[in-house]
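Any value given below was found using the heavy atoms of this structure, including those in side chains, with hydrogens, waters and symmetry copies removed. Naming convention: chains lettered A, B, ... in sequence-line order (proteins, then strands); numbering from 1 in each chain.
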Amino acid sequence: GAGVSQSPSNKVTEKGKDVELRCDPISGHTALYWYRQSLGQGLEFLIYFQGNSAPDKSGLPSDRFSAERTGGSVSTLTIQRTQQEDSAVYLCASSLAGGPTDTQYFGPGTRLTVL
Amino acid sequence: LAKTTQPISMDSYEGQEVNITCSHNNIATNDYITWYQQFPSQGPRFIIQGYKTKVTNEVASLFIPADRKSSTLSLPRVSLSDTAVYYCLVGSYAVDYKLSFGAGTTVTVRA
């Protein structure tokens, strides 16, 4: 069956440019999560969606980062005026309802490199 | 937000049992403890979850003491393919849902 998909798989951009990262969750999953993983580091929580709303945006590193989710499905993470420290793998996950016992299903990630 | 602490790395040999302990001293009453496994260039995948006492599935066991301030993931008879990073996640559901992944434990299994 279809899992979580992310696109692009790799993105190389120049400092100062904007980038959009896309996540397609598993159909029927109402909860969606974005994480960032820098080289050799653990997962850093960015944002959580329940349906189309994001009750918790506290993990977004700066106001250059924003995320939206439309139709309770696809989500995009946008980074404006990218900086070199934004280089990382951005992981998306979805779960059925967002409860504490939910299993999160992760996508393969988008590797972002800012030159 | 329940902060977690895990060992950075552990080495083992094929056929041995590996035990990874995660500390979460300020775990909340409605928090669950979940462990994920991550291979290079892949997203994490679910291994096991528990609230208290012991949970066992086909791949691992999870031991949680009564005070729930720590938990131990036990991998029986590891093989080379168990070499991965293991994350301890402590989470609860609320309006301001927050998640806390540990830094992860890199387990290296040698022949």
**Study point:** same_hphob_cluster(Phe106(A), Leu46(A)) at 4.5 Å side-chain heavy-atom cutoff
**Key:** no

Check your understanding: In terms of heavy-atom contacts, does OH of Tyr13(B) have more than 12 from other residues, nucleotides or ligands at under 6.0 Å?
Key -> no

Point to revise | Least distance between heavy atoms, Tyr87(B) atom then Gln37(A) atom | key: OH-NE2, 2.8 Å

Check your understanding: With sequence neighbours excluded, what pairs up with Thr21(B) under the side chain to side chain contact (heavy atoms under 4.5 Å, CB included) test?
Key -> Ser70(B), Thr72(B)

Revision key, fill the gap. Residues Gly43(B) and Leu91(A): closest non-hydrogen pair is CA-CD2, 3.9 Å

Exercise for review: Identify whether Tyr86(B) and Ile48(B) are in the same connected component of the hydrophobic contact network (ILVMFWY, side-chain heavy atoms under 4.5 Å).
Suggested key: yes

Review point. Do Gln104(A) and Thr34(B) touch side chain to side chain, with heavy atoms closer than 4.5 Å?
Key: no

Practice item. To the nearest 0.5 Å, tell me how far Asp102(A) CG sits from Tyr32(B) OH. Key: 11.0 Å

